[in-house]
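Right, one structure below, let's go through it.
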Amino acid sequence: MRLAFVLSEIGSGLRRNLSMVISVILVTFVSLTFVGAAGMLQLQINQMKGYWYDKVQVAIFLCSDGSTAPGCATGPATREQEDNLRKLLQSPAVAQYVNDFQYESKTDAYKHFKEQFANSPIVDSVTPDQLPASFRINMKDPEKYEIISETFSSQAGVETVIDQRQLLERLFSAMNAASLVAVSIAGVMIICAILLIATTIRLSAFSRRRETGIMRLVGASKMVIQLPFILEGVIAAVIGAALASGTLWAVAHFFLGGVMSKQYPDTAFISPGQTLMLAPALIGLGVVLAGVSSLLTLRRYLRV
Amino acid sequence: MIRFENVTKVYDQKARPALDSINLEIDRGEFAFLVGASGSGKSTFLRLVLKEDRASSGAVYVAGQNVANISSWRVPRLRRGIGVVFQDFRLLPQKSVFANVAFAMQVIGKSRSVIRDTVPEVLKTVGLEGKENRLPHELSGGEQQRVAIARAVVNRPGILLADEPTGNLDPTTSMGIMGVLDKINQNGTTVVMATHDDDIVNEMRKRVVELKNGVIIRDEARALYTSMIPVVGQSRRLRDASGRTEQPAASSRAEARADAPAELRTAGEGQA
(Lines give C-alpha, C1' and ligand atoms only; values in the text may rest on other atoms or scores of the structure.)
Protein backbone atom coordinates (compact mmCIF):
# COMPACT_ATOMS: atom_id res chain seq x y z
CA MET A 1 0.00 0.00 0.00
CA ARG A 2 1.35 3.37 -0.99
CA LEU A 3 1.03 6.06 1.65
CA ALA A 4 1.12 8.86 -0.89
CA PHE A 5 -1.73 7.22 -2.79
CA VAL A 6 -3.92 6.82 0.31
CA LEU A 7 -3.19 10.42 1.30
CA SER A 8 -4.15 11.78 -2.11
CA GLU A 9 -7.36 9.73 -1.96
CA ILE A 10 -8.16 11.27 1.44
CA GLY A 11 -7.39 14.72 0.11
CA SER A 12 -9.72 14.36 -2.84
CA GLY A 13 -12.43 12.90 -0.60
CA LEU A 14 -12.19 15.82 1.82
CA ARG A 15 -12.30 18.35 -1.01
CA ARG A 16 -15.28 16.80 -2.73
CA ASN A 17 -17.25 16.58 0.47
CA LEU A 18 -16.15 19.87 1.95
CA SER A 19 -19.45 21.12 3.34
CA MET A 20 -20.20 17.81 5.02
CA VAL A 21 -16.69 17.62 6.42
CA ILE A 22 -17.08 21.09 7.90
CA SER A 23 -20.35 20.12 9.52
CA VAL A 24 -18.71 17.03 11.02
CA ILE A 25 -15.93 19.22 12.37
CA LEU A 26 -18.42 21.63 13.93
CA VAL A 27 -20.62 18.97 15.48
CA THR A 28 -17.70 17.10 17.03
CA PHE A 29 -16.31 20.45 18.15
CA VAL A 30 -19.51 21.39 20.00
CA SER A 31 -20.15 17.95 21.46
CA LEU A 32 -16.59 17.51 22.68
CA THR A 33 -16.60 21.03 24.12
CA PHE A 34 -19.51 19.97 26.32
CA VAL A 35 -17.70 16.79 27.31
CA GLY A 36 -14.67 18.89 28.12
CA ALA A 37 -16.75 21.41 30.09
CA ALA A 38 -18.00 18.60 32.31
CA GLY A 39 -14.41 17.47 32.77
CA MET A 40 -13.36 21.04 33.62
CA LEU A 41 -16.06 21.36 36.27
CA GLN A 42 -14.83 18.17 37.91
CA LEU A 43 -11.26 19.44 37.81
CA GLN A 44 -12.41 22.70 39.36
CA ILE A 45 -14.22 20.85 42.17
CA ASN A 46 -11.06 18.89 42.89
CA GLN A 47 -9.08 22.09 42.92
CA MET A 48 -11.41 23.72 45.43
CA LYS A 49 -11.44 20.70 47.70
CA GLY A 50 -7.79 21.35 48.33
CA TYR A 51 -5.59 19.17 50.46
CA TRP A 52 -7.93 18.46 53.39
CA TYR A 53 -11.46 18.16 51.98
CA ASP A 54 -11.59 14.41 51.43
CA LYS A 55 -9.59 13.63 54.59
CA VAL A 56 -11.27 15.60 57.33
CA GLN A 57 -14.52 17.29 58.08
CA VAL A 58 -13.80 19.81 60.81
CA ALA A 59 -11.00 22.32 61.13
CA ILE A 60 -10.05 24.07 64.40
CA PHE A 61 -8.10 27.17 63.42
CA LEU A 62 -5.72 28.50 66.04
CA CYS A 63 -5.12 32.12 66.73
CA SER A 64 -2.53 33.87 64.63
CA ASP A 65 -1.33 37.44 64.24
CA GLY A 66 -4.25 39.80 63.92
CA SER A 67 -6.93 37.35 65.04
CA THR A 68 -9.86 39.20 66.57
CA ALA A 69 -11.86 36.31 68.04
CA PRO A 70 -12.54 36.48 71.85
CA GLY A 71 -10.36 33.38 72.46
CA CYS A 72 -7.42 35.17 70.89
CA ALA A 73 -7.14 38.00 73.41
CA THR A 74 -3.67 36.79 74.37
CA GLY A 75 -2.35 36.95 70.82
CA PRO A 76 -1.19 34.03 68.67
CA ALA A 77 -1.72 30.58 70.08
CA THR A 78 1.12 29.45 72.29
CA ARG A 79 2.79 26.07 72.47
CA GLU A 80 1.05 25.49 75.80
CA GLN A 81 -2.40 26.21 74.34
CA GLU A 82 -1.71 23.85 71.48
CA ASP A 83 -0.74 21.07 73.88
CA ASN A 84 -3.92 21.68 75.88
CA LEU A 85 -6.04 21.37 72.76
CA ARG A 86 -4.22 18.22 71.74
CA LYS A 87 -4.90 16.73 75.21
CA LEU A 88 -8.54 17.71 74.97
CA LEU A 89 -8.84 16.01 71.58
CA GLN A 90 -7.34 12.87 73.06
CA SER A 91 -9.55 12.96 76.18
CA PRO A 92 -12.26 10.26 76.27
CA ALA A 93 -15.09 12.82 76.12
CA VAL A 94 -13.98 14.06 72.70
CA ALA A 95 -12.06 11.05 71.41
CA GLN A 96 -15.24 8.98 71.19
CA TYR A 97 -16.40 11.20 68.30
CA VAL A 98 -13.04 11.48 66.59
CA ASN A 99 -11.55 8.99 64.22
CA ASP A 100 -8.31 10.75 63.78
CA PHE A 101 -6.87 14.23 63.88
CA GLN A 102 -3.83 15.92 62.46
CA TYR A 103 -1.98 19.08 63.32
CA GLU A 104 -1.28 21.45 60.44
CA SER A 105 1.55 23.82 61.31
CA LYS A 106 1.91 27.24 59.71
CA THR A 107 4.56 25.83 57.32
CA ASP A 108 2.30 22.93 56.33
CA ALA A 109 -0.56 25.36 55.85
CA TYR A 110 1.61 27.49 53.59
CA LYS A 111 2.64 24.47 51.56
CA HIS A 112 -0.96 23.32 51.02
CA PHE A 113 -2.05 26.86 50.28
CA LYS A 114 0.57 27.21 47.60
CA GLU A 115 -0.57 24.00 45.97
CA GLN A 116 -4.20 24.97 45.94
CA PHE A 117 -3.74 28.55 44.79
CA ALA A 118 -0.93 27.83 42.37
CA ASN A 119 -2.84 29.54 39.56
CA SER A 120 -3.85 32.57 41.57
CA PRO A 121 -1.94 35.84 41.97
CA ILE A 122 -2.79 35.80 45.68
CA VAL A 123 -0.12 33.18 46.32
CA ASP A 124 2.67 35.72 46.02
CA SER A 125 1.32 38.06 48.66
CA VAL A 126 0.91 35.45 51.39
CA THR A 127 3.59 34.45 53.88
CA PRO A 128 3.54 31.49 56.28
CA ASP A 129 2.98 33.86 59.23
CA GLN A 130 -0.37 34.99 57.93
CA LEU A 131 -1.78 31.49 57.79
CA PRO A 132 -3.21 29.99 60.97
CA ALA A 133 -2.10 26.63 62.29
CA SER A 134 -4.96 24.19 62.73
CA PHE A 135 -6.16 20.85 63.97
CA ARG A 136 -7.91 18.87 61.21
CA ILE A 137 -10.37 16.37 62.58
CA ASN A 138 -11.75 13.32 60.85
CA MET A 139 -15.10 12.63 62.56
CA LYS A 140 -16.55 9.23 63.26
CA ASP A 141 -19.92 10.80 62.48
CA PRO A 142 -19.74 14.09 60.55
CA GLU A 143 -23.19 15.06 61.93
CA LYS A 144 -21.68 15.45 65.41
CA TYR A 145 -19.90 18.61 64.31
CA GLU A 146 -21.82 20.69 66.90
CA ILE A 147 -20.19 18.86 69.81
CA ILE A 148 -16.68 19.66 68.61
CA SER A 149 -17.69 23.19 67.84
CA GLU A 150 -19.16 23.78 71.34
CA THR A 151 -16.23 22.17 73.08
CA PHE A 152 -13.49 24.02 71.27
CA SER A 153 -14.86 27.44 70.28
CA SER A 154 -14.46 28.75 73.80
CA GLN A 155 -10.97 27.33 74.37
CA ALA A 156 -8.08 29.71 74.71
CA GLY A 157 -6.02 29.95 71.51
CA VAL A 158 -8.86 28.88 69.19
CA GLU A 159 -9.94 31.39 66.62
CA THR A 160 -12.75 29.47 65.01
CA VAL A 161 -14.10 25.99 64.35
CA ILE A 162 -15.30 25.37 60.84
CA ASP A 163 -17.27 22.55 59.26
CA GLN A 164 -15.67 22.70 55.85
CA ARG A 165 -18.08 20.22 54.31
CA GLN A 166 -21.11 22.33 55.04
CA LEU A 167 -19.38 25.35 53.59
CA LEU A 168 -18.52 23.79 50.24
CA GLU A 169 -21.11 21.04 49.85
CA ARG A 170 -23.79 23.29 48.34
CA LEU A 171 -21.42 24.83 45.85
CA PHE A 172 -20.13 21.43 44.82
CA SER A 173 -23.59 19.98 44.37
CA ALA A 174 -24.43 22.91 42.09
CA MET A 175 -21.28 22.31 40.09
CA ASN A 176 -21.98 18.60 39.91
CA ALA A 177 -25.46 19.35 38.58
CA ALA A 178 -23.92 21.66 35.99
CA SER A 179 -21.49 19.01 34.84
CA LEU A 180 -24.35 16.51 34.64
CA VAL A 181 -26.22 18.94 32.37
CA ALA A 182 -23.09 19.37 30.26
CA VAL A 183 -22.69 15.61 29.98
CA SER A 184 -26.32 15.14 28.89
CA ILE A 185 -26.03 17.84 26.24
CA ALA A 186 -22.78 16.24 25.15
CA GLY A 187 -24.57 12.89 24.91
CA VAL A 188 -27.19 14.29 22.54
CA MET A 189 -24.55 16.11 20.51
CA ILE A 190 -22.46 12.94 20.27
CA ILE A 191 -25.43 11.07 18.83
CA CYS A 192 -25.74 13.91 16.29
CA ALA A 193 -22.05 13.62 15.51
CA ILE A 194 -22.24 9.85 15.01
CA LEU A 195 -25.22 10.15 12.65
CA LEU A 196 -23.62 12.99 10.75
CA ILE A 197 -20.34 11.11 10.34
CA ALA A 198 -22.28 8.08 9.11
CA THR A 199 -24.13 10.21 6.55
CA THR A 200 -20.95 11.93 5.42
CA ILE A 201 -19.15 8.63 4.90
CA ARG A 202 -22.17 7.31 3.02
CA LEU A 203 -22.19 10.29 0.68
CA SER A 204 -18.48 10.04 0.23
CA ALA A 205 -18.71 6.34 -0.59
CA PHE A 206 -21.49 7.10 -3.05
CA SER A 207 -19.64 9.88 -4.81
CA ARG A 208 -16.61 7.66 -5.20
CA ARG A 209 -18.38 4.45 -6.16
CA ARG A 210 -16.67 4.39 -9.58
CA GLU A 211 -13.24 4.42 -7.99
CA THR A 212 -14.10 1.85 -5.35
CA GLY A 213 -15.76 -0.37 -7.96
CA ILE A 214 -12.59 -0.35 -10.05
CA MET A 215 -10.44 -0.89 -6.97
CA ARG A 216 -12.50 -3.95 -6.15
CA LEU A 217 -12.17 -5.31 -9.69
CA VAL A 218 -8.42 -4.96 -9.90
CA GLY A 219 -8.06 -6.65 -6.52
CA ALA A 220 -7.31 -3.84 -4.08
CA SER A 221 -7.43 -5.07 -0.50
CA LYS A 222 -10.26 -4.15 1.82
CA MET A 223 -7.85 -1.95 3.77
CA VAL A 224 -6.83 0.15 0.78
CA ILE A 225 -10.45 0.64 -0.23
CA GLN A 226 -11.82 1.50 3.20
CA LEU A 227 -8.94 3.33 4.85
CA PRO A 228 -9.37 6.66 3.00
CA PHE A 229 -13.01 6.84 4.08
CA ILE A 230 -12.30 6.00 7.70
CA LEU A 231 -9.41 8.44 7.88
CA GLU A 232 -11.59 11.13 6.33
CA GLY A 233 -14.03 10.85 9.24
CA VAL A 234 -11.25 10.53 11.78
CA ILE A 235 -9.40 13.60 10.49
CA ALA A 236 -12.58 15.69 10.65
CA ALA A 237 -13.26 14.48 14.19
CA VAL A 238 -9.69 15.17 15.32
CA ILE A 239 -9.92 18.73 13.99
CA GLY A 240 -13.19 19.12 15.92
CA ALA A 241 -11.56 17.74 19.08
CA ALA A 242 -8.59 20.06 18.69
CA LEU A 243 -10.94 23.04 18.37
CA ALA A 244 -12.79 21.89 21.50
CA SER A 245 -9.51 21.60 23.43
CA GLY A 246 -8.52 25.05 22.24
CA THR A 247 -11.85 26.47 23.41
CA LEU A 248 -11.47 24.93 26.87
CA TRP A 249 -7.97 26.34 27.11
CA ALA A 250 -9.25 29.75 26.12
CA VAL A 251 -12.02 29.59 28.76
CA ALA A 252 -9.48 28.66 31.45
CA HIS A 253 -7.00 31.28 30.32
CA PHE A 254 -9.21 34.28 29.61
CA PHE A 255 -12.33 33.68 31.71
CA LEU A 256 -11.08 31.82 34.80
CA GLY A 257 -7.57 33.24 34.77
CA GLY A 258 -8.37 36.70 33.50
CA VAL A 259 -11.77 37.56 34.97
CA MET A 260 -12.86 35.13 37.69
CA SER A 261 -9.59 34.91 39.61
CA LYS A 262 -9.56 38.70 39.97
CA GLN A 263 -13.16 38.82 41.15
CA TYR A 264 -12.80 35.90 43.57
CA PRO A 265 -9.19 36.00 44.70
CA ASP A 266 -9.86 33.62 47.61
CA THR A 267 -11.02 30.82 45.30
CA ALA A 268 -8.60 28.37 43.73
CA PHE A 269 -9.12 28.05 39.95
CA ILE A 270 -7.74 25.49 37.57
CA SER A 271 -4.93 26.55 35.26
CA PRO A 272 -5.09 26.54 31.43
CA GLY A 273 -2.40 23.85 31.52
CA GLN A 274 -4.70 21.57 33.48
CA THR A 275 -7.46 21.89 30.86
CA LEU A 276 -4.98 20.83 28.20
CA MET A 277 -4.68 17.54 30.06
CA LEU A 278 -8.23 16.92 28.84
CA ALA A 279 -7.16 17.33 25.20
CA PRO A 280 -5.78 13.80 24.65
CA ALA A 281 -8.99 12.34 26.09
CA LEU A 282 -11.13 14.51 23.82
CA ILE A 283 -9.08 13.69 20.73
CA GLY A 284 -9.14 10.01 21.63
CA LEU A 285 -12.90 10.15 22.05
CA GLY A 286 -13.23 11.89 18.66
CA VAL A 287 -11.09 9.26 16.95
CA VAL A 288 -13.06 6.37 18.46
CA LEU A 289 -16.37 8.05 17.62
CA ALA A 290 -15.46 8.68 13.97
CA GLY A 291 -13.61 5.42 13.49
CA VAL A 292 -16.38 3.20 14.81
CA SER A 293 -19.25 5.02 13.10
CA SER A 294 -17.48 5.13 9.72
CA LEU A 295 -16.48 1.49 9.98
CA LEU A 296 -20.07 0.46 10.67
CA THR A 297 -21.34 2.64 7.81
CA LEU A 298 -18.83 1.24 5.35
CA ARG A 299 -19.79 -2.28 6.27
CA ARG A 300 -23.30 -1.47 5.09
CA TYR A 301 -22.72 0.86 2.17
CA LEU A 302 -19.40 -0.04 0.61
CA ARG A 303 -18.99 -3.44 -0.97
CA VAL A 304 -15.46 -4.70 -0.92
CA MET B 1 -7.99 -22.12 -16.25
CA ILE B 2 -11.72 -21.82 -15.63
CA ARG B 3 -13.75 -24.92 -14.83
CA PHE B 4 -17.45 -25.11 -13.97
CA GLU B 5 -18.62 -28.38 -12.46
CA ASN B 6 -22.37 -28.81 -12.40
CA VAL B 7 -22.83 -25.16 -11.48
CA THR B 8 -26.34 -23.89 -10.79
CA LYS B 9 -27.10 -20.32 -9.82
CA VAL B 10 -30.55 -19.42 -8.53
CA TYR B 11 -31.29 -15.75 -7.81
CA ASP B 12 -34.97 -16.21 -7.10
CA GLN B 13 -36.37 -19.50 -5.84
CA LYS B 14 -39.55 -19.12 -7.88
CA ALA B 15 -37.94 -18.23 -11.20
CA ARG B 16 -35.86 -20.53 -13.36
CA PRO B 17 -32.16 -20.68 -12.46
CA ALA B 18 -29.85 -18.16 -14.14
CA LEU B 19 -27.41 -20.99 -14.72
CA ASP B 20 -28.57 -24.58 -14.71
CA SER B 21 -26.05 -27.37 -14.08
CA ILE B 22 -23.33 -25.89 -16.23
CA ASN B 23 -20.26 -28.01 -17.01
CA LEU B 24 -17.55 -26.16 -18.87
CA GLU B 25 -13.80 -26.00 -19.02
CA ILE B 26 -11.77 -23.21 -20.58
CA ASP B 27 -8.10 -23.99 -20.89
CA ARG B 28 -5.13 -21.76 -20.25
CA GLY B 29 -4.44 -19.49 -23.20
CA GLU B 30 -7.77 -20.13 -24.85
CA PHE B 31 -10.03 -17.51 -26.45
CA ALA B 32 -13.72 -18.25 -25.94
CA PHE B 33 -16.85 -16.37 -26.90
CA LEU B 34 -19.88 -16.59 -24.66
CA VAL B 35 -22.95 -15.90 -26.78
CA GLY B 36 -26.65 -15.97 -26.17
CA ALA B 37 -29.63 -13.69 -25.76
CA SER B 38 -29.96 -11.30 -22.83
CA GLY B 39 -30.82 -13.24 -19.71
CA SER B 40 -29.19 -16.40 -20.98
CA GLY B 41 -26.70 -16.39 -18.10
CA LYS B 42 -23.58 -14.83 -19.66
CA SER B 43 -23.15 -12.16 -17.02
CA THR B 44 -23.91 -14.60 -14.22
CA PHE B 45 -21.14 -16.79 -15.59
CA LEU B 46 -18.67 -13.90 -15.42
CA ARG B 47 -19.83 -12.89 -11.93
CA LEU B 48 -19.27 -16.41 -10.64
CA VAL B 49 -15.72 -16.44 -12.01
CA LEU B 50 -15.03 -13.16 -10.16
CA LYS B 51 -16.67 -14.46 -6.97
CA GLU B 52 -19.04 -11.52 -7.07
CA ASP B 53 -21.72 -14.13 -6.50
CA ARG B 54 -21.69 -17.55 -4.99
CA ALA B 55 -22.87 -20.58 -6.94
CA SER B 56 -26.06 -22.13 -5.53
CA SER B 57 -24.60 -25.57 -6.16
CA GLY B 58 -21.66 -27.06 -7.97
CA ALA B 59 -18.08 -25.85 -7.98
CA VAL B 60 -16.30 -23.07 -9.85
CA TYR B 61 -12.54 -23.50 -10.28
CA VAL B 62 -10.39 -20.56 -11.31
CA ALA B 63 -6.69 -21.30 -11.90
CA GLY B 64 -7.17 -24.64 -10.22
CA GLN B 65 -8.72 -23.20 -7.08
CA ASN B 66 -12.31 -23.70 -5.99
CA VAL B 67 -13.53 -20.14 -5.49
CA ALA B 68 -15.94 -21.26 -2.78
CA ASN B 69 -12.90 -22.08 -0.64
CA ILE B 70 -11.32 -18.65 -1.02
CA SER B 71 -11.80 -16.68 2.19
CA SER B 72 -13.13 -13.15 1.80
CA TRP B 73 -9.79 -11.51 2.61
CA ARG B 74 -8.12 -13.50 -0.18
CA VAL B 75 -10.71 -12.56 -2.80
CA PRO B 76 -8.60 -9.51 -3.82
CA ARG B 77 -5.77 -11.90 -4.73
CA LEU B 78 -8.18 -13.90 -6.94
CA ARG B 79 -9.27 -10.70 -8.66
CA ARG B 80 -5.69 -9.59 -9.27
CA GLY B 81 -5.43 -12.64 -11.49
CA ILE B 82 -8.47 -11.62 -13.53
CA GLY B 83 -8.82 -8.54 -15.72
CA VAL B 84 -12.30 -7.26 -16.55
CA VAL B 85 -13.55 -5.06 -19.39
CA PHE B 86 -17.10 -3.71 -19.69
CA GLN B 87 -19.33 -2.33 -22.39
CA ASP B 88 -19.39 1.08 -20.67
CA PHE B 89 -15.57 1.32 -20.24
CA ARG B 90 -15.82 2.53 -16.61
CA LEU B 91 -12.92 4.95 -16.78
CA LEU B 92 -12.38 7.63 -14.15
CA PRO B 93 -13.39 10.83 -15.94
CA GLN B 94 -11.11 13.21 -14.06
CA LYS B 95 -7.99 11.09 -14.52
CA SER B 96 -5.77 11.06 -17.59
CA VAL B 97 -5.22 7.93 -19.68
CA PHE B 98 -1.96 7.28 -17.90
CA ALA B 99 -3.52 7.85 -14.45
CA ASN B 100 -6.46 5.58 -15.24
CA VAL B 101 -4.13 2.71 -16.07
CA ALA B 102 -1.75 3.55 -13.23
CA PHE B 103 -4.69 3.53 -10.78
CA ALA B 104 -4.99 -0.25 -11.13
CA MET B 105 -1.36 -0.58 -10.08
CA GLN B 106 -1.43 2.04 -7.34
CA VAL B 107 -4.30 0.43 -5.46
CA ILE B 108 -2.48 -2.86 -5.19
CA GLY B 109 0.64 -1.13 -3.96
CA LYS B 110 2.97 -1.20 -6.95
CA SER B 111 5.89 1.17 -6.63
CA ARG B 112 6.06 4.37 -8.64
CA SER B 113 9.04 3.24 -10.68
CA VAL B 114 7.32 -0.01 -11.71
CA ILE B 115 4.25 2.00 -12.70
CA ARG B 116 6.38 4.41 -14.74
CA ASP B 117 7.90 1.51 -16.64
CA THR B 118 4.85 -0.69 -17.12
CA VAL B 119 2.07 1.71 -18.06
CA PRO B 120 3.63 3.09 -21.29
CA GLU B 121 4.43 -0.46 -22.33
CA VAL B 122 0.82 -1.57 -21.90
CA LEU B 123 -0.49 1.56 -23.61
CA LYS B 124 1.73 0.67 -26.55
CA THR B 125 0.27 -2.85 -26.64
CA VAL B 126 -3.27 -1.45 -26.92
CA GLY B 127 -2.19 1.15 -29.46
CA LEU B 128 -2.50 4.33 -27.42
CA GLU B 129 1.05 5.65 -27.68
CA GLY B 130 1.26 9.40 -27.31
CA LYS B 131 -2.18 9.74 -25.74
CA GLU B 132 -1.05 9.29 -22.13
CA ASN B 133 -2.15 12.73 -21.04
CA ARG B 134 -5.57 12.83 -22.65
CA LEU B 135 -8.70 12.75 -20.50
CA PRO B 136 -11.29 10.07 -21.28
CA HIS B 137 -13.77 12.55 -22.78
CA GLU B 138 -11.12 13.64 -25.26
CA LEU B 139 -10.94 10.11 -26.67
CA SER B 140 -13.16 8.20 -29.08
CA GLY B 141 -15.17 5.25 -27.82
CA GLY B 142 -12.71 2.78 -29.28
CA GLU B 143 -9.80 4.55 -27.64
CA GLN B 144 -11.62 4.63 -24.32
CA GLN B 145 -12.16 0.89 -24.53
CA ARG B 146 -8.45 0.46 -25.27
CA VAL B 147 -7.69 2.37 -22.06
CA ALA B 148 -10.06 0.06 -20.19
CA ILE B 149 -8.32 -2.98 -21.68
CA ALA B 150 -4.92 -1.54 -20.76
CA ARG B 151 -6.14 -1.09 -17.19
CA ALA B 152 -7.48 -4.65 -17.11
CA VAL B 153 -4.23 -6.24 -18.24
CA VAL B 154 -1.65 -3.92 -16.68
CA ASN B 155 -1.22 -6.25 -13.71
CA ARG B 156 -0.71 -9.20 -16.09
CA PRO B 157 -3.71 -11.29 -15.10
CA GLY B 158 -3.95 -14.86 -16.37
CA ILE B 159 -7.57 -14.34 -17.37
CA LEU B 160 -9.30 -11.47 -19.15
CA LEU B 161 -13.10 -11.32 -18.91
CA ALA B 162 -14.79 -9.02 -21.39
CA ASP B 163 -18.50 -8.30 -20.99
CA GLU B 164 -19.69 -7.05 -24.40
CA PRO B 165 -16.62 -4.88 -24.91
CA THR B 166 -17.74 -3.85 -28.40
CA GLY B 167 -21.37 -3.21 -27.47
CA ASN B 168 -21.02 0.57 -27.77
CA LEU B 169 -18.71 0.63 -30.77
CA ASP B 170 -19.13 0.67 -34.53
CA PRO B 171 -18.03 -2.41 -36.53
CA THR B 172 -14.68 -1.01 -37.70
CA THR B 173 -13.69 0.14 -34.22
CA SER B 174 -14.90 -3.18 -32.84
CA MET B 175 -12.53 -5.05 -35.11
CA GLY B 176 -9.70 -2.88 -33.81
CA ILE B 177 -10.62 -3.81 -30.25
CA MET B 178 -10.73 -7.47 -31.22
CA GLY B 179 -7.22 -7.11 -32.63
CA VAL B 180 -6.08 -5.86 -29.22
CA LEU B 181 -7.83 -8.70 -27.40
CA ASP B 182 -6.33 -11.20 -29.83
CA LYS B 183 -2.86 -9.78 -29.25
CA ILE B 184 -3.34 -10.12 -25.50
CA ASN B 185 -4.53 -13.69 -26.04
CA GLN B 186 -1.42 -14.41 -28.14
CA ASN B 187 0.67 -13.33 -25.18
CA GLY B 188 -0.83 -16.21 -23.17
CA THR B 189 -3.80 -14.63 -21.42
CA THR B 190 -7.01 -16.64 -21.35
CA VAL B 191 -9.78 -14.47 -22.80
CA VAL B 192 -13.50 -15.02 -22.19
CA MET B 193 -15.72 -12.57 -24.03
CA ALA B 194 -19.48 -12.33 -23.67
CA THR B 195 -20.96 -10.75 -26.77
CA HIS B 196 -23.95 -10.21 -29.04
CA ASP B 197 -21.82 -9.14 -31.95
CA ASP B 198 -22.24 -11.80 -34.63
CA ASP B 199 -19.88 -10.13 -37.13
CA ILE B 200 -17.02 -10.30 -34.69
CA VAL B 201 -17.65 -13.89 -33.70
CA ASN B 202 -17.88 -14.92 -37.35
CA GLU B 203 -14.71 -13.03 -38.17
CA MET B 204 -12.63 -14.38 -35.32
CA ARG B 205 -13.46 -18.05 -35.69
CA LYS B 206 -12.73 -18.92 -32.07
CA ARG B 207 -14.41 -21.25 -29.64
CA VAL B 208 -18.08 -20.36 -29.14
CA VAL B 209 -20.12 -21.34 -26.09
CA GLU B 210 -23.79 -20.56 -26.56
CA LEU B 211 -26.06 -20.19 -23.56
CA LYS B 212 -29.82 -20.22 -23.61
CA ASN B 213 -31.94 -19.94 -20.51
CA GLY B 214 -28.99 -20.86 -18.34
CA VAL B 215 -28.06 -23.96 -20.26
CA ILE B 216 -25.17 -24.52 -22.66
CA ILE B 217 -26.76 -25.42 -25.99
CA ARG B 218 -23.64 -25.30 -28.10
CA ASP B 219 -19.91 -25.48 -27.58
CA GLU B 220 -17.85 -25.47 -30.75
CA ALA B 221 -14.29 -24.70 -31.68
CA ARG B 222 -13.58 -22.21 -34.47
CA ALA B 223 -17.28 -21.62 -34.77
CA LEU B 224 -19.72 -18.99 -36.01
CA TYR B 225 -22.20 -16.88 -34.07
CA THR B 226 -25.11 -19.07 -35.07
CA SER B 227 -24.64 -22.75 -35.40
CA MET B 228 -24.36 -23.99 -38.94
CA ILE B 229 -25.15 -27.45 -37.73
CA PRO B 230 -28.80 -28.32 -37.87
CA VAL B 231 -29.41 -30.12 -34.63
CA VAL B 232 -32.22 -32.61 -34.79
CA GLY B 233 -34.58 -32.62 -31.85
CA GLN B 234 -33.10 -29.51 -30.26
CA SER B 235 -36.49 -28.03 -29.51
CA ARG B 236 -37.52 -31.11 -27.54
CA ARG B 237 -34.36 -31.03 -25.48
CA LEU B 238 -34.84 -27.38 -24.74
CA ARG B 239 -38.35 -27.99 -23.57
CA ASP B 240 -37.05 -30.63 -21.23
CA ALA B 241 -34.37 -28.32 -19.98
CA SER B 242 -36.73 -25.52 -19.20
CA GLY B 243 -39.24 -27.87 -17.60
CA ARG B 244 -36.42 -29.40 -15.59
CA THR B 245 -37.92 -32.85 -15.86
CA GLU B 246 -34.55 -34.41 -16.36
CA GLN B 247 -30.90 -33.57 -16.17
CA PRO B 248 -30.64 -31.07 -19.01
CA ALA B 249 -28.28 -31.92 -21.77
CA ALA B 250 -25.39 -29.59 -21.34
CA SER B 251 -23.98 -30.08 -24.76
CA SER B 252 -25.28 -30.36 -28.19
CA ARG B 253 -23.76 -33.21 -30.00
CA ALA B 254 -22.76 -31.78 -33.27
CA GLU B 255 -22.04 -33.91 -36.21
CA ALA B 256 -18.56 -33.37 -37.45
CA ARG B 257 -18.52 -31.40 -40.62
CA ALA B 258 -15.79 -31.53 -43.14
CA ASP B 259 -15.23 -27.77 -43.25
CA ALA B 260 -15.61 -27.06 -39.54
CA PRO B 261 -14.69 -30.01 -37.40
CA ALA B 262 -16.39 -29.58 -34.08
CA GLU B 263 -14.32 -30.10 -31.03
CA LEU B 264 -16.62 -31.02 -28.23
CA ARG B 265 -15.38 -29.95 -24.88
CA THR B 266 -18.33 -30.06 -22.60
CA ALA B 267 -18.18 -32.50 -19.79
CA GLY B 268 -21.80 -33.42 -20.39
CA GLU B 269 -20.89 -35.07 -23.63
CA GLY B 270 -21.17 -38.55 -22.23
CA GLN B 271 -24.77 -38.13 -21.12
CA ALA B 272 -26.06 -36.56 -24.27
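Every chain is numbered from 1, with letters handed out A, B, ... down the list of sequences. Model, not experiment: these values are computed from the prediction.
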*Between atom CD of B/Q106 and atom OG of A/S8, what is the distance when rounded to the nearest 0.5 Å?*
7.0 Å

Examine whether an atom of [X] lies under 4.5 Å from a heavy atom of chain A, and if so say whether it belongs to the side chain, the backbone or both; otherwise answer neither.
{"X": "B/I82", "answer": "backbone"}
{"X": "B/Q94", "answer": "side chain"}
{"X": "B/P93", "answer": "side chain"}

Heavy atoms of other groups near [X] [atom1], more than 12 under 6.0 Å:
{"X": "A/R16", "atom1": "CZ", "result": "yes"}
{"X": "B/Q186", "atom1": "CD", "result": "yes"}
{"X": "A/R202", "atom1": "CZ", "result": "no"}
{"X": "A/Y264", "atom1": "OH", "result": "no"}

_Treating B/R77 as the side-chain partner and A/G219 as the backbone partner, does any N or O pair qualify as donor plus acceptor under 3.5 Å?_
no

Please name the pair of heavy atoms, one in [X] and one in [Y], separated by the smallest distance, quoted to 0.1 Å.
{"X": "A/I214", "Y": "B/R90", "value": "CD1-O, 3.1 Å"}
{"X": "A/E211", "Y": "B/F103", "value": "O-CE2, 3.8 Å"}
{"X": "A/R210", "Y": "B/L91", "value": "NH1-O, 2.8 Å"}

*Most contacts with chain A, counted as non-hydrogen pairs under 4.5 angstrom, among B/G81, B/P76, B/G83, B/A104*: B/P76

*Quickly, which of A/M215, A/E9, A/R216 forms a side-chain contact (heavy atoms from CB on, under 4.5 Å) with B/V107? Name it, please.*
A/M215

_For residues 17-46 of chain A, give me every residue with a non-hydrogen atom less than 4.5 Å from any non-hydrogen atom of chain B._
none

*Is any side-chain heavy atom of A/L217 less than 4.5 Å from a side-chain heavy atom of B/L50?*
yes

*Determine whether B/R80 and A/V218 make a side-chain contact, defined as any pair of heavy atoms from C-beta on separated by less than 4.5 Å.*
no

